[in-house]
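Every chain is numbered from 1 and lettered A, B, ... according to where its sequence line falls, protein lines coming before strand lines.
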Amino acid sequence: MPINVFIIIRKSQGSRVVVSARSFADLTPQASFDIKRCDLHRLDEGPSVQTVLTREDGLRYYRTMQTVRRMELKADQLYKQKIIRGFCHLYDGQEACAVGIEAGINPTDHLITAYRVHGYTYTRGVSVKEILAELTGRKGGIAKGKGGSMHMYAKNFYGGNGIVGAQVPLGAGVALACQYQAKNEVCVTLYGDGAANQGQIFEAFNMAALWKLPCIFICENNKYGMGTSVERASASTDYYKRGDYIPGLRVDGMDVLSVREATRFAADYCRYGKGPILMELQTYRYHGHSMSDPGVSYRTRDEIQEVRGKSDPITMLKDRMISNNMASLEEIKDIDAEIRKEIEEAAQFATSDPEPPLEDLCNHIFFNDTPFEVRGTSPWVKLKSIS
Amino acid sequence: MAYLRSILRSGKNAVPAVLRREFHRTLPAAVQVTVRDAIKEALDEELERDERVFLLGEEVALFEGAYKVTRGLWKKYGDKRIIDTPITEIGFTGIAVGAAMAGLRPVVEYMSFNFSMQSVDHIINSAAKTYYMSGGLQPVSIVFRGPNGAAPGVAAQHAQCFAAWYGHVPGLKVVSPWSAEDAKGLLKSAIRDDNPVVFLENEIMYSVPFEMSEESQSKDFLIPIGKAKIERKGNHVTLVSHSHVVSRCMDAAAVLAKDGIECEVINLRTIRPMDMEAIETSVMKTKHLITVEGGWPQFGVGGEILARIMEGPGFSYLNAPAVRVTGVDIPMPYAKHLEENTLPQIKDIVFSVKKTLNV
C-alpha cells in the first residue's frame, strides 16, 4: 500500500502550497553494485566484486560523508577567520575511506590514525559540535580545548596523533591488547603515503606478523605527503606490497562501497587469528596538506578539478542511488539541508562556547592521582593540578 | 662481609634484626635480598595480582633477562605474559604504549636505558603527554624499566644517566631506587600507578644484598612514589643522592664520621616528583647542602635541586653555597683508571664536604 508523504513548500511570497512527494514505497530497497577488483599481494582471493547496498545504508553513508565534508569546509572557513589556529589538516575528498572503514567494522573494534583526523573522530562517534569546539579551543571540545585538531579521542578511538608514523606501533599495541583480552576485536591502524617509509612501521609489521596480531594496517594514499609526491618519496609506491610477508590489497578509496567490502574482508581475515593484513586505499585530498598550504605548488589545479569532477565520493554514491531509484532528489536535498543546519549550530556553539578556564591549566597531568602543586612561570606562582 | 655491609647500610634497623634472630630461630624477621631479586619479586607479585600486567623486552623470557632480573618468570607465566621482542625499541615501545591505551598494564624492559633513546618519542609524545592532550580521556598505565647510568667497563654509549632527561618531562613519574627495599616497594607502586613511570635501575646495584624488613616481604608492601628517605641522620651537612651513588655517600659519611663530621644522607628515591620538603627540612637543620649524582653536571638533577633551594625557604638557612658533586662532563671512557675518575669517588665527596664546611 503506497504511503504518501506530504511536503510543505513555502513559496517566496509567503503563501504555502502542499505538494505530494514521491512515496518512499516506490523506491528500491536495495540493489547490487559492481565494484572494482582489488590488486592483491600474497592473497589468492580478494573481496567480492559485487556488493549489495540497502537504501538505509546508502542514505546513512551519504549523510555521514556529507556531514564530514561540510564540517571540514566549515573548519576551513573558521580557520580563515582566525577562529581556528595552529594546525588544521582537512579531510575533504577522502570521506569514502573513513565512512567505508566504519561500515566494515563494529563499534567495538578499535581505530587509530594520524593528524588528518576530524573525519574519523566523527565516524567513531564524536559530535560535530564537540569536534568544532575542540578546533576552536573551547571547553566544550572533546578534549576540553586542551588538544586541538590533532588530539581527539573517544571510546575505542585513540586519536589523533601528531608524530608521523607513531600511531602505527600504537595501533599494533591496541591489537595486542585485543588478542590478549580475547574478545575477537580488531584494530584498524591508519597511516599515509608520507608515513609509509617510517622505520617504526616496519618494526610494527614485523611484530604484528610474528605474533599474529589482529591489526588491519591501512595506508591512505592520497598521492602527496605534504608537498612531496609519492614518486619523489618512495622507492616503491606499491604501498599494499610494502608489508612484504603481510598480505595486502589495493582498493579504490574514492568508492565507499569498495572500501566497505575490502574492510569487511580484512576484518574477517584478522579477526579469527590469521594475523595482520594491509590495505592501501587510493584516495585524494582537495585541500592542501594543511590550512597553511594552498596545495597548488606541487600539483595542478586541473588535477584537483578532474578528481572533483570524475571521482568525488559523495557525488558517486548519490548518482548511484538516484540512478538506481534508491533515493529521491528531494530526500537528498532534505538531508543536505539538515546537515547544513547541524553544522551551522555546531559552528555557533564552537564560536560562542568559552575557552577552558585558567583553573584548568594544570589539570589532567596524571590520572587517578592526588592533587599536587605545579610550578608556575616564577617561583612565587604556585598552581594546582587535579586528575 | 655482605652482612657487615648491610648493617652499615641499613643503620639501626639491622641491630634489632640480629637480636630477634637469636630468639626466634624458626622465623627470621629480616632476610638478605639482592636488588635484582627484589625487582623480580615485585614483578612476580604484580603479575600474579593483576591479569593485565605483562612484561616485554629483549631477552626477558627464554634468556631470563640480560641481567637475569626476570629469571623464572617466563617459566611461571608463559608466552602471553612475558614477551621476548625483536631488537626494535621504537616499535615495541609504541606497541606497549598502545596496549596501555587499550587498557593493559605493560612493563617495558630496556636492556639499557641508553637504548631507550630510540623510543623516547613514544615515552614522551605518546605516553607522557596523552592524558593532558586528551583533556583527561586517555590515561596510559605503563612502566619503562631497566638499568640506567654507569656500569663497569661498558664505555660511552652504554653508560649515560637519563635521570635528568626524563625528569624534565611533565606527565612522567621518574623513580630511581637504591636499595632492595626501594626497588621492590617502588616498582610495585610504579606498576600499580595509572600513569607512565620511568623506573631507573642500575646494574652495579643488581648483585648488592640488603636486609629486607619483615614488612617489606609482604605482597602489599608499597613505597609511595615522590617521597625521599633519610638513610643516615646527621647534623652537619646534607648529602642528597640517588641510585648507586647513595652507596658512595654512605661510605663517605662513614669516613667523615671518624673526623667527627656527621652527614645526613638523603636517598631521593624519586626524581620526579622530587621530595623537596625532605631536602629543605634537612637543610634547615644542617645548613649545608651537597647533591651527589653520577650523571653529567649541566642541566642535571643536582642543578634542579640547587635552583629550587635558591627559590625556596631553605636558602636563608644555608651557611655556605650549596654545591653539586657530579660525574665528569665527558663521555664515559673505557680504561679502568679513567672510568673510576669519571664518577664521583668517596674521596671526592669527602673533599667537597670539607670544602663546604670549611674544615
If you count the non-hydrogen atoms of other residues, nucleotides and ligands that lie under 6.0 Å from [atom1] in [X], is the total more than 12?
X: B/Met284; atom1: CE; result: yes
X: B/Phe299; atom1: CZ; result: no
X: B/Met117; atom1: CE; result: yes
X: A/Arg375; atom1: CZ; result: yes
X: A/Lys384; atom1: NZ; result: no
X: B/Gln157; atom1: CD; result: no
X: A/Lys146; atom1: NZ; result: yes
X: B/Leu62; atom1: CG; result: yes

Hey, are the side chains of [X] and [Y] touching, using non-hydrogen atoms and a 4.5 Å cut-off?
X: A/Leu210; Y: B/Pro86; value: yes
X: B/Gln138; Y: A/Phe367; value: no
X: B/Leu137; Y: A/Met152; value: no
X: B/Phe92; Y: A/Glu203; value: no
X: A/Leu176; Y: B/Phe54; value: yes
X: A/Gln181; Y: B/Leu104; value: yes

Contacting moiety of [X], where chain A heavy atoms sit under 4.5 Å:
X: B/Arg52; result: backbone
X: B/Leu172; result: backbone
X: B/Ser141; result: neither
X: B/Glu89; result: backbone

For B/Lys173 and A/Asp369, what are the C-alpha separation, side-chain angles and deciding distance, and is it a side chain to side chain contact (heavy atoms under 4.5 Å, CB included)? CA-CA 12 Å; B/Lys173 296 189 185 183; A/Asp369 224 45; 3.0 Å; yes
Nearest atoms (heavy-atom pairs only) where [X] meets [Y]:
X: A/Ala143; Y: B/Met133; answer: CB-O, 3.4 Å
X: B/Tyr131; Y: A/His364; answer: CD2-O, 3.2 Å
X: A/Pro169; Y: B/Gly91; answer: CB-O, 3.6 Å
X: B/Gly94; Y: A/Leu170; answer: O-CD2, 3.3 Å
X: A/Tyr180; Y: B/Val53; answer: OH-O, 3.4 Å
X: A/Tyr153; Y: B/Ser134; answer: CD1-CB, 3.3 Å

Find the one option among A/Phe372, A/Trp380, A/Phe202, A/Trp211 whose heavy-atom pairs under 4.5 Å with chain B are most numerous.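 The candidate making the most pairs under 4.5 Å is A/Trp211.
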With chain B as the partner, which of A/Ser385, A/Gly147, A/Pro356, A/Pro379 has the greatest number of non-hydrogen pairs under 4.5 Å? A/Pro379
Rounded distance (nearest 0.5 Å) linking atom CE of A/Met207 with atom OG1 of B/Thr88: 3.0 Å
Looking at B/Gly171, B/Pro106, B/Ala96, which makes the most heavy-atom pairs under 4.5 Å with chain A?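 So the answer, after comparing B/Gly171, B/Pro106, B/Ala96, is B/Gly171.
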Which one, B/Arg308, B/His122, B/Met101, leads in non-hydrogen pairs under 4.5 Å with chain A?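 Maximum pair count with chain A is reached by B/His122.
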Under 4.5 Å from a heavy atom of chain B, the part of A/Ile163 involved: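 Contact with chain B is through the side chain of A/Ile163 alone.
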Pick one of side chain, backbone, both or neither for A/Asn363, based on which atoms fall under 4.5 Å of a heavy atom in chain B.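 Contact with chain B involves the backbone of A/Asn363 alone.
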